[in-house]
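Working notes for the structure below.
Numbered from 1 within each chain, the chains take letters A, B, ... in sequence-line order. Since this is a predicted model, take the numbers as computed values, not measurements.
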2 protein chains.
Amino acid sequence: MPAQTTKPTKRDQLIDAALELFDAGGFHATGIDAIIARAGVAKMTLYKHFGSKEELIVAALDRQSEDALACMKSKIEASSSDPEERLLAIFDIAEKQCADKGWRGCAFLRASGEFGDLDCAVHAAAANHGARMHEFVSQLCSDAGVTNPACLAQQLLVLHTGAIASAQIAGGTDPVCSARTSARILIDATRAAG
Amino acid sequence: MPAQTTKPTKRDQLIDAALELFDAGGFHATGIDAIIARAGVAKMTLYKHFGSKEELIVAALDRQSEDALACMKSKIEASSSDPEERLLAIFDIAEKQCADKGWRGCAFLRASGEFGDLDCAVHAAAANHGARMHEFVSQLCSDAGVTNPACLAQQLLVLHTGAIASAQIAGGTDPVCSARTSARILIDATRAAG
DNA sequence: TGTATACTAGACTGACCTGTCTGTTTATTT
DNA sequence: AAATAAACAGACAGGTCAGTCTAGTATACA
């Protein structure tokens with residue numbers, strides 16, 4: 001093994017392809033055949049790694065969640081040392097995402113919309129990401145010395161979710177900018193009451 | 001004709017059935033056959049009134065938009081005469097919706113998620129509802145004597161959308177209550193800034 | 001009463017879907 | 001070199017999908 005870069009497993013290739021195609025076309029509308037074609041993998045390989053399309057969707061969402069959180073953490077780490085600025089950075093990150101041409105919206109929101117059944121594993125995967133985000137933002141609030149971190153975190157996350165959802169429907173980044181302004185007001189209000 | 005209640009047209013029956021089934025199972029996952037069965041209507045009747053499934057979806061979303069706005073207007077009319085309370089009432093309405101067992105989320109948000117193509121008529125129908133909501137809430141803000149009604153309206157709508165989207169993913173009404181608290185803070189801040 | 005219109009039931013087409021099966025080839029390990 | 005495991009291509013089954021077609025029935029209007 002000459003290089004440190006381990007070549008991607010078939011499993012990873014499948015998840016990569018699935019994420020791209022689900023993102024472009026939705027979950028129900030994207031077929032297995034298209035996924036294996038893009039991944040360059042045989043159908044039986046897919047069904048060896050994942051028992052069903054639903055399992056693949058769940059695995060893809062789980063990895064998307066890990067990637068998104070890791071990406072967010074590193075960007076926030078690099079953004080500023082001021083804890084309040086770090087809180088606002090989640091909106092800057094969202095703004096860049098929404099500005100991207102071809103941005104189709106939040107995968108977790110779309111998954112929860114397509115798989116409405118709350119007991120469904122796909123819906124649960126989306127809900128898990130929400131919980132992880134709340135945990136992360138609560139920590140950021142805690143670092144900022146807020147009295148009730150979980151409460152402010154929820155307020156900011158509702159704002160964040162709304163910004164992304166509104167941008168998904170309307171296009172553009174206006175909702176995100178608006179949300180950033182609101183976020184600052186909410187943070188200040190919490191500090192003042194604190 | 002003894003009664004004033006005109007019997008519903010086949011078209012209306014189809015839209016009613018479609019809204020119920022789309023709400024329960026999503027747009028792609030709900031088949032034409034299920035819709036006509038629930039509506040008690042022949043398939044050819046559907047294709048006489050609507051040229052395609054997509055047209056039916058658009059018509060259903062358009063009527064949902066009209067109904068939702070009319071319902072919201074009448075409830076707000078009946079809620080309070082204080083303009084600030086009327087603004088907050090949109091969150092009370094959302095809270096009652098989310099509390100309903102079997103609530104599956106916002107139809108427009110789900111539609112925009114399933115039909116990602118911005119040029120698609122379905123996506124446009126969802127975006128139209130967003131624009132109508134903004135117009136309506138801007139008027140409420142204007143009635144409240146706010147300096148920049150469109151700006152506060154967008155802030156409140158991002159909050160409103162985020163509350164509904166978060167509730168769709170996580171279940172429960174916590175995000176809506178949190179959003180209501182945030183809304184009051186944003187309104188006060190706007191007033192203070194005058 | 002005759003005619004046009006709206007609706008009905010259901011068969012049908014062709015495409016696409018998920019998931020399975022088979023037999024072959026490649027890669028790794030012993 | 002032999003054996004084991006993984007991945008291959010592609011046919012196949014069984015089902016569902018959107019949408020069309022046909023032929024018959026009910027309803028309203030002249």
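- In this structure, a donor-acceptor pair under 3.5 Å is present between the side chains of B/Q168 and A/S112.
- Using a 4.0 Å cut-off between a side-chain N of Lys or Arg and a carboxylate O of Asp or Glu, B/K43 and B/D33 qualify as a salt bridge.
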Restricting to nitrogen or oxygen on both sides, can you table the protein-nucleotides 11-13 of chain C pairs closer than 3.5 Å?
none

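- Ion pair A/R63/A/D67 flagged as a salt bridge, since at least one NZ, NE, NH1 or NH2 atom sits closer than 4.0 Å to an Asp/Glu carboxylate oxygen.
- Of the residues in residues 16-24 of chain A, none lies under 4.0 Å from DNA chain D by heavy-atom distance.
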Test side-chain contact (heavy atoms from CB on, under 4.5 Å) on A/F108 and A/T161 and set out the steps.
-> CA-CA 10 Å; A/F108 307 100; A/T161 304; over 6 Å; no
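- Under a hydrophobic-cluster definition in which Ile, Leu, Val, Met, Phe, Trp and Tyr are linked whenever side-chain heavy atoms come within less than 4.5 Å, directly or via other members, A/I57 and A/I35 are assigned to the same cluster.
- The CE atom of A/M44 sits 12 Å away from the C1' atom of C/dG23 (whole-angstrom rounding).
- Side-chain contact check for B/S178 and A/Q155: no donor-acceptor pair (N or O, by modelled atom type) lies under 3.5 Å.
- Here A/R180 pairs with A/D92 in a salt bridge; the nearest charged N to carboxylate O distance falls below 4.0 Å.
- Spacing between atom NZ of B/K53 and atom P of C/dC16 amounts to 16 Å, rounded to whole angstrom units.
- Salt bridge annotation for A/R132-A/E66: absent, with no cationic side-chain nitrogen under 4.0 angstrom from a carboxylate oxygen.
- One can place NE2 of B/H28 at 13 Å from C1' of C/dC17, the figure rounded to the nearest angstrom.
- In this structure, A/E54 places its CD atom 16 Å from C1' of C/dC17, rounding to the nearest Å.
- Ring-plane geometry between A/H28 and A/F115 is classed as parallel, the angle between the planes falling under 30 degrees on a 0 to 90 degree scale with a further cut at 60.
- Distance B/D33 CG to C/dT8 C1': 15 Å, rounded to the nearest Å.
- If you take OH of A/Y47 and P of C/dC17, they are 11 Å apart, rounded to a whole angstrom.
- Here B/D16 does not pair with B/R38 in a salt bridge; the nearest charged N to carboxylate O distance is not below 4.0 Å.
- The CG atom of A/L56 sits 15 Å away from the P atom of C/dC17 (whole-angstrom rounding).
- Counting non-hydrogen atoms under 4.0 angstrom, B/G40 reaches the backbone sugars and phosphates but no base.
- Contact annotation for A/T9: no contact, since no heavy-atom pair falls under 4.0 Å across all strands.
- Rounded to an integer number of Å, the gap from B/H49 NE2 to C/dT5 P is 15 Å.
- Heavy atoms from other residues, nucleotides or ligands lying under 6.0 Å from CD of B/E85 number more than 12.
- For DNA chain D, the span of nucleotides reached by chain B at under 4.0 Å from its heavy atoms goes, 5' to 3', from D/dA18 to D/dT22.
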